[in-house]
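In what follows, a single structure is set out as structure tokens and then discussed.
Every value quoted in this text rests on a predicted model; they were computed, and no experiment measured them.
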Amino acid sequence: MHDLKEIRINPDLYKEKLAKRNKELITSIDELLVLDEKKRNFQSRADELRKRKNEIAGLIPRSKDDPSKIEELKKESIEVGKQLSNIEAEEGNLTEETNTKLMWLPNAPADDVPLGKDETENQEILKWGNPKTEKWIKPHDEIGVKLNIFDFERGVKIAQSRFTVLTGVGAKLERAIMNFMLDHASERGYRETFPPILINKTSMIGTGQLPKFDGDFYKCEGEDLYLAPTAEVPITNLHRDEVLNLEQLPIKYCAYTPCFRREAGSAGKDTRGIIRQHQFNKVELVKITTSENSALEHEALTNDAEEILKKLELPYRKILLCSGDMGFSAMKCYDLEVWFPSQNTYREISSCSNFGSFQARRMNIKYKVNPKDKAIFAHTVNGSGLAIGRTLAAILENYQTEKGTILVPAVLQPYLGGLKEIN
RNA sequence: GGAGAGAUGGCCGAGUGGUCGAAGGCGGCAUCCUGCUAAGAUGUUGUAGGGUCAAAAGCUCUACCGAGGGUUCGAAUCCCUCUCUCUCCGCCA
């Protein structure tokens, strides 16, 4: 969420920045400002009437000796009250509309984000490792079934399509990856956290999932609870409505959670394998920091995520997303993409974003530089470190041998009782 | 799930219809004072939005006593609904 006052003072700056995402947003800002002006107008009028009502309420007890005066005042107050309720109704509508409009505006791209309309204009920052291209490498789902570590049919039986059962070494490998990633994050100073996975609407609004993306998430019937689409939501909301001290920052958290997404717009995409599931596991890295440090903390967090791929010796590339391809709340975003030999391509396995004050403003997370200073909005940063299921799939392909076994990456062997090969 | 109690400012806590944004205490901040172990005195101390202003400060208005609605000229105070916390019972990992 942006600061409406700032938009009001400098509309052209916001138009220029948001147009980098989408030119239609210029109109949105104009509409927003018209609404805002109307709203303020009604607010002033309502305030005046409220003021008069308050005056009368104070005058009445002071006119105890003059019953006719009291009657007169009561009459006026009722009259003012009628006007007020009309104006208040309109004020309420306009406030609601203005807020909604503001909530639907995406974050402005940072200055160093490349201009572009979609994923074709993203910028490759670096490639790491040597991608395998051997023709005998089987897709992860095929080899997974062959090795009896995926059970797709029964996943569908007990749930739905896009749900998979991991069995035997598959389940153990998933758990090993999870532990490895959490240990890696802990080593780098992220406090391990295990949050609720059902979270309320306020939290979903806080990090920017709602109101715009309603329908992408699972909601509990009759309850104000959603299944977390990412640990970003519960973890970042931990400090909602808090004022932090400068010495506390940066706050660094890591968390493993299952993640749930309806994948409503993805019919037909990635229907094979475990790349796109309604439920998947992920370790998330989250930082709450200052406006001065968020850019550096973002780079550092991305490096922390990259380091996991390096330790696992999985070839990857790092992409800087262009203005048109970034997520709603992000001001700058790197995607890490891991190599999938069977698809002869890189697939997203982590997305590391700096949100600036966009989320913090929604969540009301502030900090004070000095105790007597006015509290200012914090900056938030997060990224996957990493998506576990996709990591497992990538291992199944990149560590596949010609005879159809999987070598266990060295860093994972201690987590699997020294197991070196899956066959 | 049943019965009861409660929710007030950074914290504790008073306040059951009128000048209460809210006593008092603690804490914080500022100034002053003092050699007896860091005490005392005085003052100050919430958030958000609007207006004024080039801007800030200042001034001013409005809202906020868990949330939302209602009664009333007037609500922290009365009524309704909801949420949360605590105690007891039941149930349960």
Side-chain angles (χ1 to χ4, degrees), chain A residues 1-13 32-103 194-206 210 219-226 234 237-248 357 360-378:
Chain A
M1 190 167 75
H2 295 287
D3 183 345
L4 182 54
K5 217 190 284 181
E6 290 294 322
I7 299 180
R8 198 187 296 146
I9 291 168
N10 208 340
D12 291 339
L13 179 73
L32 176 65
L33 289 173
V34 169
L35 274 175
D36 171 53
E37 168 116 37
K38 266 197 205 164
K39 184 206 78 178
R40 273 153 50 223
N41 182 287
F42 273 86
Q43 188 189 341
S44 303
R45 288 163 65 187
D47 277 353
E48 284 304 311
L49 294 175
R50 276 189 280 258
K51 182 183 173 187
R52 183 57 191 157
K53 282 201 82 170
N54 289 340
E55 279 168 3
I56 294 170
L59 245 36
I60 286 178
R62 270 172 281 184
S63 315
K64 285 255 190 291
D65 323 320
D66 191 348
S68 66
K69 177 78 178 167
I70 288 181
E71 279 316 303
E72 198 183 307
L73 287 168
K74 281 189 182 180
K75 236 169 122 182
E76 186 190 344
S77 185
I78 291 170
E79 195 46 50
V80 171
K82 280 181 191 160
Q83 291 178 47
L84 180 59
S85 58
N86 288 332
I87 287 175
E88 264 180 342
E90 191 57 27
E91 184 199 10
N93 290 340
L94 287 165
T95 303
E96 179 75 27
E97 271 185 73
T98 309
N99 288 343
T100 305
K101 198 109 199 149
L102 189 60
M103 286 290 215
F194 195 64
I197 294 151
L198 286 172
I199 59 222
N200 59 34
K201 187 175 187 176
T202 308
S203 300
M204 293 285 277
I205 291 171
L210 293 177
K219 185 173 188 327
C220 297
E221 195 178 337
E223 303 241 20
D224 178 33
L225 289 170
Y226 294 77
N237 274 281
L238 249 24
H239 294 284
R240 191 175 67 228
D241 290 321
E242 289 185 18
V243 178
L244 306 162
N245 300 319
L246 189 61
E247 307 85 65
Q248 293 175 259
S357 59
R361 186 168 281 111
R362 288 177 165 235
M363 282 181 287
N364 191 29
I365 301 178
K366 295 182 170 179
Y367 68 98
K368 285 187 178 184
V369 177
N370 291 302
K372 50 188 162 180
D373 287 350
K374 202 174 153 68
I376 52 178
F377 287 112

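Using C1' as the reference atom, rC12(B) and rA30(B) are 24 Å apart when rounded to the nearest Å. Of the P atoms belonging to rG46(B) and rG21(B), the separation is 15 Å, rounded to the nearest Å. Rounded to whole Å, the separation between the P atoms of rG27(B) and rA22(B) comes to 22 Å. Distance noted for atom C1' between rG66(B) and rG50(B): 26 Å (whole Å). Comparing the C1' positions of rC79(B) and rU62(B) gives an interatomic distance of 26 Å, to the nearest angstrom. Atom C1' of rA57(B) sits at a distance of 48 Å from the matching atom of rA5(B), rounded to the whole Å. Straight-line distance between the P atoms of rA67(B) and rC11(B): roughly 14 Å, to the nearest whole Å. Taking atom P on both nucleotides, rG6(B) is separated from rG90(B) by 24 Å, rounded to a whole Å.
Using N1 to N3 plus N6-O4 or O6-N4 for Watson-Crick, or N1-O2 and O6-N3 for G-U wobble, each under 3.5 Å, rC91(B) pairs with nothing. The partner of rA41(B) is rU31(B), by the rule that a Watson-Crick or G-U pair needs both atom distances under 3.5 Å. Pair check for rG24(B) finds rC12(B); Watson-Crick or G-U wobble, both atom distances under 3.5 Å. Across the strands present, rA63(B) finds its partner in rU47(B); the criterion is a Watson-Crick or G-U wobble pair with both atom distances under 3.5 angstrom. Judged by Watson-Crick or G-U wobble contacts below 3.5 Å, the nucleotide rC73(B) has rG18(B) as its partner. Pairing for rG68(B) is with rC80(B), a Watson-Crick or G-U wobble pair whose two hydrogen-bonding atom distances lie under 3.5 Å. If you check rU85(B) for Watson-Crick or wobble pairing at under 3.5 angstrom, you find it paired to rA5(B). Pair assignment for rA54(B): none, as no Watson-Crick or G-U wobble contacts are both less than 3.5 Å.
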Tell me which donor-acceptor pairs under 3.5 Å the side chains of residues 71-78 of chain A have, and how far apart each pair is, sequence neighbours excluded?
unit_1, atom_1, unit_2, atom_2, d
E76(A), OE1, R52(A), NH2, 2.9
E76(A), OE2, R52(A), NE, 2.7
E76(A), OE2, R52(A), NH2, 3.3

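F377(A) and S357(A) get closest at one heavy-atom pair: CB-CB, 4.0 Å. H239(A) approaches I365(A) most closely through the heavy-atom pair O-CG1, 3.2 Å. Between P234(A) and P195(A) the shortest heavy-atom distance is CB-CB, 3.8 Å.
Residue-environment remark: NZ (K201(A)) stays at or below the threshold of 12 foreign heavy atoms within 6.0 Å. Within 6.0 Å of atom CD in E96(A), 12 or fewer heavy atoms from other residues, nucleotides or ligands are found, so the atom counts as exposed in its surroundings. A 6.0 Å sphere centred on NZ of K38(A) holds no more than 12 heavy atoms belonging to other residues, nucleotides or ligands.
Taking E91(A) as the reference, F42(A), Q43(A), A46(A), R50(A), E88(A), T95(A) meet the side-chain contact (heavy atoms from CB on, under 4.5 Å) condition, with sequence neighbours excluded. Listed by chain and number, the residues in a ring pair (Phe, Tyr, Trp, His ring centres under 6.0 Å) with H2(A) are Y14(A), F358(A) (sequence neighbours excluded).
Under the 3.5 Å distance criterion, with hydrogens and angles disregarded, a donor-acceptor pair is assigned to the side chains of S203(A) and N200(A).
Separating the CG atom in N99(A) from the CG atom in D36(A) is a distance of 10.0 Å, to the nearest 0.5 Å.
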Which protein N or O atoms sit under 3.5 Å from an N or O of nucleotides 82-84 of chain B?
none

Worksheet item: What do the steps show when you test E37(A) against R8(A) for side-chain contact (heavy atoms from CB on, under 4.5 Å), and what is the final call?
Response: CA-CA 9 Å; E37(A) 168 116 37; R8(A) 198 187 296 146; over 6 Å; no

Worksheet item: Once each nucleotide of nucleotides 48-76 of chain B is scored for protein heavy atoms under 4.0 Å, what B/S/- sequence comes out, 5' to 3'?
Response: SBSS---------SSS---------BS--

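Taken residue by residue, residues 219-226 of chain A places no heavy atom nearer than 4.0 Å to RNA chain B.
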